[in-house]
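When a ligand or atom number is given, it counts from 1 through the structure's own listing order.
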Amino acid sequence: MSLKFDVVTIFPSMVLAFLEKGVIGRANRRKLLDIVVHDLREFSSDRHKKVDDMPYGGGPGMVMKPEPFMQAVEKIKADRGDPQTVILVSPQGRRLDQAKVRSLSQLNHVVLLCGRYEAVDERVVDAVVSEEISIGDYVLTGGEVPALVVLEAVARLAQGVVGDADSIKNDSFERGLLDHPHYTRPADVNGARVPEVLLSGNHEEIRAWRKCEAVKRTLERRPDLLHEGRQLLDEEEKRILETLQNVDLERKVRADV
Ligand code: 4FV
C-alpha cells in the first residue's frame, strides 16, 4: 500500500515542482507514494478567493481564515478517506526529529496543512488538526518548506523509496549518532588524502573506524544526542564512548596540573 499524502497550500505549483525531482519524484512516478496537492483558494467561498483577513484584536500582518482549511480537510476525508493524522506545520509545534519521522512513516495517510502570513486561525487547530510540528526554532514566510521537509523525511522511509535500504539503516540519528565521514575518488586532492584505512580493503577495520568516527563526532558536536540516546548505542559504541570520555578526562586533568 503506497503512503498517501495530501498537502494543502496556496502555492500548489511550488510543492508540485519539488515533487518532480530526485528520489521523491521517482517514487511518486513509480506510485510508491500517492501524493495529492490541493489549492487552498479552491475552498474559499469568497468571490475573490480570499484566504486571509485582519487579526481580531489588531496587530501586524494577516491571519489565515478558518473555513477554507476546514472545507479542504472535509473534502480530503470524503475523497481520500480519513487520514491518520492532520499536521499543521508551525513554530508552535513539537520539534521534528528522526524518532517522530519514523513514527509518521508507520502511517499510510498523512495530511499536511501549510500556513502563510502571520498565522492560521486557532479554530482550525481545534477543529481539524491532530498535531502541530515545527522543523526548528526560526521563522519562515510559509509552511510549504516545512511541509516538504516532513514529507521528504517520512517518504524516504517508505518501502522501496530509497534504492538501498542499508542507507536507511545507517542513517544519522537512526541510532542516536551522527554519521561518520565519507570519501570518494580521487584518493588525493591537493595533498588532502583519504584515510588509509578506507583504502585498505580490510572491511572489519573499516567498520570499526567508521563506528569510532561516528561516536567521536557525536561526542564533539552533539553531546546532547549521547545524553538522550545512550540506550540506542550498542556495546561496542558504549566502549568507544567510555574510552573517548576517559581520554578527554585525562587530557583535562593533565591540563589542570
Ligand atoms: C515553521 C517552522 C514556520 C510561521 C508563519 C510560516 C511560518 C508563516 N513552520 N516550522 N519553523 N512557519 O516558521 O514549521 O506563515
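Using a distance-only test at 3.5 Å, with no hydrogens or angles considered, no donor-acceptor pair links the side chain of S44 to the main chain of R41. A donor-acceptor pair under 3.5 Å links the side-chain atoms of R217 to the main chain of D179, judged by distance alone.
Looking only at protein heavy atoms, the nearest one to atom 11 (N) of ligand 1 is Y138 O, 2.9 Å. When only non-hydrogen protein atoms are considered, atom 8 (C) of ligand 1 lies nearest to Y117 O, 3.3 Å. Of the protein's non-hydrogen atoms, P91 CD, 3.7 Å is the one closest to atom 12 (N) of ligand 1. Of all protein heavy atoms, the one closest to atom 14 (O) of ligand 1 is S90 N, 3.4 Å. Looking only at protein heavy atoms, the nearest one to atom 13 (O) of ligand 1 is L140 N, 2.8 Å.
Nearest heavy-atom pair, V150 versus L104, reported as atom, atom and distance to 0.1 Å: CG1-CD1, 4.1 Å.
D234 has no carboxylate O lying under 4.0 Å from a charged side-chain N of K238, or vice versa, which leaves the two without a salt bridge.
When each atom of ligand 1 is checked for a heavy atom of R116 under 4.0 Å away, the hits are 15 (O). Heavy-atom proximity to I133, at under 4.0 Å, picks out these atoms of ligand 1: 14 (O). Using a 4.0 Å cut-off to heavy atoms of I135, the atoms of ligand 1 that qualify are 10 (N), 14 (O). The ligand atoms of ligand 1 that sit less than 4.0 angstrom from a heavy atom of P146 are 1 (C), 9 (N), 14 (O).
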Evaluate the side-chain contact (heavy atoms from CB on, under 4.5 Å) criterion for residues L199 and R193: first the C-alpha distance (whole Å), next the side-chain angles of each, then the deciding distance (0.1 Å), finally the verdict.
CA-CA 10 Å; L199 308 174; R193 291 198 50 78; 3.6 Å; yes

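In terms of polar-atom proximity, defined here as any N/O pair under 3.5 Å, V139 makes no such contact with ligand 1. For ligand 1, one of its N or O atoms has an N or O atom of G136 under 3.5 Å away. Considering backbone and side-chain atoms alike, G142 places every N or O at 3.5 Å or more from each N or O of ligand 1. Of the N or O atoms in E118, none lie within a sub-3.5 Å distance of an N or O in ligand 1.
A distance of 5.5 Å separates CD1 of I206 from NE2 of H203, quoted to the nearest 0.5 Å.
Sequence neighbours left out, the pairs with a member in residues 93-107 that pass side-chain hydrogen bond (donor to acceptor under 3.5 Å, both in side chains) are R94-D97, R95-D137, K100-E131, R102-E174. For residues 3-14, the set of pairs meeting the salt bridge (Lys or Arg N to Asp or Glu O under 4.0 Å) definition, not counting sequence neighbours, comprises D6-R80.
Side-chain atoms of L198 and W209, non-hydrogen and from C-beta on, do get closer than 4.5 Å to each other.
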